[in-house]
Amino acid sequence: NAVSAWGVTTGDPNVIVGVIDTGVRYSHQDLIGNMWVNAGEIPGNSVDDDGNGYVDDVYGINAITGSGDPMDDHDHGTHVAGTIAATANDAGQHVGVAYGTKIMALKFIAASGTGATSDAIACIDYAIEQGVDILNNSWGGGGFSQALLDAINAANDAGILFVAAAGNSALDNDVSPHYPSNYEVANIVAVAAIDRNGLLAGFSNYGTNSVDLGAPGVAILSCTASSDSSYASFEGTSMASPHVAGVAALLASQYPSAGVTALKHCLFLTSSLPLSFAWRGGTCGMVD
Ligand code: CA
């Protein structure tokens, strides 16, 4: 029902969605127009103009190198960003769910596909400082981390919704906790992947108490990082989470003073039941 939603709002450019991932190919034709721009930084002058510890952090940061260049050397983060806010009505073939909002690129995952928890925390801290509204987290793994939990709690205190992929191991997250989606913080929305028939994807994690929503996560076309005009279809709960982040960004645009709790309730109460009830233990609906 995205087209119907766009009759109400396509998103407010003051709403910022931080993509904590492999970075974003910010020069991509379908993304360059919707990148958040750090107004406190003069691009390319090799000076930390705003004194925040990152030089030329115009579109976000690379927490691995501690630099201000979050260019994607993988594909994953660019794909996620496109689902949230690829621009509309232009030369590009793609469009994001909330194409009136802005993307902040927060890189902590390397080209190898792995990242350090400490770097993820640096991304969350930066997002809090810069006042993002929503964080998309299409990543997971590793055990419980008190430091990461503390950072997510700080994001919650700052009014930031924390949307997280449920994982791709076909496991019940109630039994086998998956982090960060399983942390018990009020701002977390954990997202499973469904296919075009409304069925839980075979790879998707699930969980009655630990997964909140389903969203499209099979055969998802979006931008990739190999060129400024490259696209590909991926699958995963990584592709489902940004659909929810996009809908949340539309809600935050329409109801700017709603706050995390109301945004979450609105996401849940407006979700549609899946076409089949064959959710393995789950009772959540599809984001709508
Ligand atoms: Ca700076």
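What you are looking at is a predicted structure, and each value in this text was computed from that prediction instead of being measured. Just follow the structure's listing: the first ligand is 1, and inside any ligand the first atom is 1.
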Practice prompt. Check whether the ring centres of F162 and Y183 lie less than 6.0 Å apart, and answer yes or no.
Written response: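 So the answer is no for these two rings.
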Worksheet item: Taking 3.0 Å as the cut-off, does an N/O/S atom of N38 lie below it from the Ca ion (ligand 1)?
Response: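 No N, O or S atom of N38 is closer than 3.0 Å to the Ca ion (ligand 1), so no.
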Discussion item. Quick check against the 3.5 Å criterion: does Q29 have a side-chain atom that pairs as donor or acceptor with the backbone of S229?
Written reply: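 Not confirmed, Q29 side chain does not pair with S229 backbone.
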So if I apply the side chain to side chain contact (heavy atoms under 4.5 Å, CB included) rule between [X] and each of [options], which one comes out positive?
{"X": "N205", "options": "D172, L200, N173, N168", "value": "N173"}
{"X": "V191", "options": "N137, V163, T237", "value": "V163"}
{"X": "I160", "options": "I128, I134, V260", "value": "I128"}

Item to complete: Calculate the angle formed at the Ca ion (ligand 1) by O in Y54 and OD1 in D50; 10° precision is enough.
Response: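 The two atoms form an angle at the metal of about 160°.
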Only N/O/S atoms count here: what is the atom of [X] closest to the Ca ion (ligand 1) called?
{"X": "D48", "answer": "OD1"}
{"X": "E41", "answer": "OE1"}
{"X": "D57", "answer": "OD1"}

